[in-house]
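Notes for the one structure printed next.
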Amino acid sequence: AEAVTLLFLLSPFQLAALERQVFDFLGYQWAPILANFLHIIIVILGLFGTIQYRPRYIVVYAIWTAVWVTWNIFIICFYLEVGGLSKDSELLTFNISRHQSWWSENGPGCVRKEAPMSGIKGLDSHSYVSVIGCALEYRYIEVMHSSFQILLAV
């Protein structure tokens, strides 16, 4: 009975992490993808450790929860541009690409307009994308995601 109760308590952790993982994949946000993956694995280990009473797994889960909260605080600071952080930097993509949050172009109410770059032709040419009419700026959506993760962790 305790294991079933624990399973229902941990399922919001898993669902929230999986939802976040999907949107980070859509935005090619590699650092959050890695963090979400680790979070999912460690939550599973924490569940297993609790059900089987494996104290080491429970300790790993407890330590990871502190790291997870710290990571989400960093994400909040990143998108709110606290200190020297800039939401326009390539930090979350490990400087591999210029991708941003998927929500930056696909948020609620956003209208995305593409205009091909003049003078550049070929398969590798990129379009200029402008986004207007967003009901909520993408950085606030990311902040809400991280705040919800902190709330679940606490």
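The analysis underlying the following values was restricted to heavy atoms, covering all of them including side chains, and did not include hydrogens, waters or symmetry mates. Model, not experiment: these values are computed from the prediction.
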Among residues at least two apart in sequence or on other chains, which ones pass ring pair (Phe, Tyr, Trp, His ring centres under 6.0 Å) with Y57? F48

Derivation of the side-chain contact (heavy atoms from CB on, under 4.5 Å) call for I150 and I76: CA-CA 10 Å; I150 292 170; I76 290 170; 3.9 Å; yes

Atom pair OG (S101) and CG (D24), whose distance is rounded to the nearest 0.5 Å: 7.5 Å

Could you measure the distance from the CD1 atom of I42 to the CG atom of L47? Nearest 0.5 Å is fine. 13.5 Å

How far does CG of L15 sit from CG of L152, to the nearest 0.5 angstrom? 10.0 Å

Donor-acceptor contact below 3.5 Å, side chain S146 vs main chain V143: no

If I take atom CG from residue L85 and atom OH from residue Y79, how far apart are they, to the nearest 0.5 angstrom? 11.5 Å

Geometric class of the W103/F23 ring pair [parallel <30°, tilted 30-60°, perpendicular >60°]: tilted

Considering residues, nucleotides and ligands other than F148, do more than 12 of their heavy atoms fall under 6.0 Å from its CZ? no

State, with a plain yes or no, whether a side-chain heavy atom of Q21 is found less than 4.5 Å away from one of H39. no

Could you walk me through whether E90 and H99 pass the side-chain hydrogen bond (donor to acceptor under 3.5 Å, both in side chains) check? CA-CA 7 Å; E90 298 171 15; H99 288 97; over 6 Å; no

With a 4.5 Å cut-off on side-chain heavy-atom distances among I, L, V, M, F, W and Y, is there a chain of contacts connecting L92 to V22? yes

Cluster overlap V67 with V60, hydrophobic side-chain contacts below 4.5 Å: yes

Are any non-hydrogen side-chain atoms of N36 and E19 less than 4.5 angstrom apart? no

Show, in sequence, the C-alpha distance, side-chain angles and deciding distance for W64 and L38, and conclude whether the side-chain contact (heavy atoms from CB on, under 4.5 Å) test is met. CA-CA 9 Å; W64 173 255; L38 287 172; 3.9 Å; yes

Rounded to the nearest 0.5 Å, what separates atom OG1 in T93 from atom CD1 in I33? 10.0 Å

Identify the heavy atoms of R20 and H145 that sit nearest to each other, and give their distance. NH1-O, 4.5 Å

Considering only heavy atoms from C-beta outward, does the side chain of T65 approach that of V154 to under 4.5 Å? no

Is there a continuous path of hydrophobic side-chain contacts, each under 4.5 Å between heavy atoms, that joins Y61 to F37? no

Validation row: N95, W30 side chains within 4.5 angstrom (heavy atoms): no

Is there a continuous path of hydrophobic side-chain contacts, each under 4.5 Å between heavy atoms, that joins L80 to I73? yes

Return yes if some donor-acceptor pair links the side-chain N/O of T50 with the main-chain N/O of G46 below 3.5 Å, else return no. yes

Show the nearest heavy-atom pair for residues K87 and Q100, with the distance to one decimal. O-NE2, 4.3 Å

M144 vs L136 side-chain heavy atoms within contact, under 4.5 Å: yes

Between E105 and R112, is there a donor-acceptor pair closer than 3.5 Å when you use the side chain of the first and the backbone of the second? no

Among residues two or more places apart or on two chains, list those pairs meeting disulfide bond (SG atoms under 2.5 Å apart) that have a residue in residues 36-114. C110-C134

Using the rule that Ile, Leu, Val, Met, Phe, Trp and Tyr join whenever any side-chain heavy atoms are under 4.5 Å apart, tell me whether V59 and I44 fall into a single cluster. no

Please list, chain by chain and in numerical order, all residues satisfying ring pair (Phe, Tyr, Trp, His ring centres under 6.0 Å) with F74, sequence neighbours excluded. W71

Return the CG to CD distance between N72 and E142, rounded to the nearest 0.5 Å. 10.5 Å

How far apart are the C-alpha atoms of V131 and K113, what are their side-chain angles, what is the distance that settles it, and do they pass the side-chain contact (heavy atoms from CB on, under 4.5 Å) test? CA-CA 6 Å; V131 181; K113 295 184 179 186; over 6 Å; no

Is there a side-chain contact between Y138 and W102, using heavy atoms and a 4.5 Å cut-off? no

Ignoring hydrogens, what is the shortest heavy-atom contact between A16 and Q149? Give both atom names and the distance. CB-NE2, 3.3 Å

Is any side-chain heavy atom of L91 closer than 4.5 Å to a side-chain heavy atom of F78? yes

